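Read through the structure below, which is laid out as structure tokens, and then see the notes.
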Amino acid sequence: MEKLEHYQNMIIEVLKEHDMAKPENLPESESQLIFDKENNHYLLYRIGWKGSERIHYCVFHIDIINEKIWVQEDNTDTIIVDDFLERGVPKSDIVLGFKSPDARPHTEFAVA
């Protein structure tokens, strides 16, 4: 349980740090941090407007499944996995959920 709680708090901390880096090209947008610790779902969403264009997309979607961090979505150039590695999460505890199950064995990370 300690590992789960540690990962939950770390994911929230990382997403809050990314939330502080507002994109300059979307001045009329805002972010929404969505934390569901009960079901282990963590999201950072961007919503708003760019002129007359509606902005609504998922920046990050992270889950914890079987005490592993699943990166389901990363729509940035920063690569959120690096934040987890810098905080000591072993590659064996990170799953690249956005990669197909067939491709995961060819990464340096966990397959599931």
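Note that this is a predicted model, so its numbers are computed, not measured. Just so you know, residue 1 is the first one in the sequence shown, and it goes up from there.
The aromatic rings of His61 and His41 sit perpendicular to each other, their planes meeting at more than 60°, with 30° as the lower class boundary.
Across Tyr7 and Pro90, no two heavy atoms sit closer than the pair OH-CD, 3.8 Å. The two residues Ser92 and Ala110 come nearest to each other via the heavy atoms O-CB, 3.3 Å.
Within the model, atoms CD1 of Ile69 and CZ of Phe84 stand 5.0 Å from one another, a figure rounded to the nearest 0.5 Å. Here Lys68 contributes atom NZ and Ile65 contributes atom CD1; the two are 11.0 Å apart, rounded to the nearest 0.5 Å. Separating the OG atom in Ser29 from the CZ atom in Arg54 is a distance of 10.0 Å, to the nearest 0.5 Å. Interatomic distance, Ile34 CD1 to Tyr42 OH, rounded to the nearest 0.5 Å: 13.0 Å.
Residues Leu4 and Asn40 have side chains in contact (heavy-atom distance under 4.5 Å, counting atoms from C-beta outward). A heavy-atom distance below 4.5 Å is not found between the side chains of Val14 and Phe60. Glu73 places none of its side-chain heavy atoms less than 4.5 Å from the side chain of Phe98. Two residues are said to be in side-chain contact when any heavy atoms from C-beta on lie closer than 4.5 Å; Val59 and Thr76 meet this criterion. Contact of the Asn75 side chain with the Arg46 side chain is not registered, since no non-hydrogen atoms from C-beta on lie closer than 4.5 Å. In this structure the side chain of Phe35 reaches within 4.5 angstrom of the side chain of Lys16, judged on heavy atoms.
Counting only distance, with no hydrogens or angles, the side chain of Asp74 and the backbone of Ile80 share a donor-acceptor pair below 3.5 Å. Using modelled atom types, one side-chain atom of Gln8 and one backbone atom of Lys37 make a donor-acceptor pair closer than 3.5 Å. In this structure, the side chain of Asn9 engages the main chain of Glu5 through a donor-acceptor pair within 3.5 Å.
Every pair passing side chain to side chain donor-acceptor pair (under 3.5 Å) that includes a residue from residues 99-109 is listed here, sequence neighbours excluded: Lys91-Glu108.
The environment of NZ in Lys3 is crowded: more than 12 heavy-atom neighbours from other residues, nucleotides or ligands sit within 6.0 Å.
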